[in-house]
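The next block holds one structure in the form of structure tokens; read it before the comments.
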Amino acid sequence: MPITKRRFERAGKLSQRQRRVVELVAQGLKNREIATDLGIGAHVVRNYLSAIYDKIGVSNRVELALWYEARRHEGSLPPAAPSLNSHPRK
């Protein structure tokens, strides 16, 4: 099975919270900002990212953001939802 197909299939196994973390990474937020947005600790964000990397087969947040954007533009993923706690980026 091609790598891209395996990565796509793994995406369906992400929890709703993991998908939200992916969206926030793709928006360029840092772990601490993601933690604040979700009301969790930065160490919990790191744990989420580790699990996400393993599930979809990427090794860093740049690859994760590129993976997310490619899926979103293919129509495989819905656009990122705005967060209730988000503040405009400077």
Given Leu49, Leu64, Ile56, the one that forms side chain to side chain contact (heavy atoms under 4.5 Å, CB included) with Val22: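 With Val22 as partner, Leu49, Leu64, Ile56 yield a single side chain to side chain contact (heavy atoms under 4.5 Å, CB included), made by Leu64.
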
With Ala26, which residues qualify under side-chain contact (heavy atoms from CB on, under 4.5 Å), at least two apart?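 Testing Ala26 for side-chain contact (heavy atoms from CB on, under 4.5 Å), a comparison that skips the adjacent residues, returns Ala65, Tyr68, Glu69.
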
Excluding sequence neighbours, so at least two apart, what forms side-chain contact (heavy atoms from CB on, under 4.5 Å) with Arg46?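 If we apply the side-chain contact (heavy atoms from CB on, under 4.5 Å) test to Arg46, skipping adjacent residues, the hits are Asn31, Ala42, His43.
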
Can you name the closest pair of heavy atoms from Arg19 and Leu14 and give their distance?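 Nearest pair, atom of Arg19 first, then Leu14: NH2-O, 2.8 Å.
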
For Val58 and Trp67, which heavy atoms make the closest approach, and how far apart are they?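 For Val58 versus Trp67, the nearest heavy atoms are CG1-CB, 4.4 Å.
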
Can you tell me how far the CZ atom of Arg71 sits from the CG atom of Leu66, to the nearest 0.5 Å?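 Between Arg71 CZ and Leu66 CG, I get 10.0 Å after rounding to 0.5 Å.
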
Lys55 NZ to Ile52 CD1 distance, which is reported to the nearest 0.5 Å: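 The CD1 atom of Ile52 is 8.0 Å from NZ of Lys55, to the nearest 0.5 Å.
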
The test is side chain to side chain contact (heavy atoms under 4.5 Å, CB included); show your working for Ile34 and Arg20 and say whether it passes. CA-CA 9 Å; Ile34 294 169; Arg20 184 66 184 139; over 6 Å; no

Quick one about Gln18 and Lys13 (side-chain donor to acceptor, distance below 3.5 Å, no hydrogens or angles considered), yes or no?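 There is no such pair (donor and acceptor under 3.5 Å, judged by atom type) between the side chains of Lys13 and Gln18.
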
Residues two or more places apart in sequence or in another chain: which of them pass side-chain hydrogen bond (donor to acceptor under 3.5 Å, both in side chains) with Ser59?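 Counting only residues at least two positions away or on another chain, Ser59 forms a side-chain hydrogen bond (donor to acceptor under 3.5 Å, both in side chains) with Glu63.
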
Any Ile40 side-chain heavy atom under 4.5 Å of Tyr48 side chain: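 The answer is yes; the side chains approach within 4.5 Å.
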
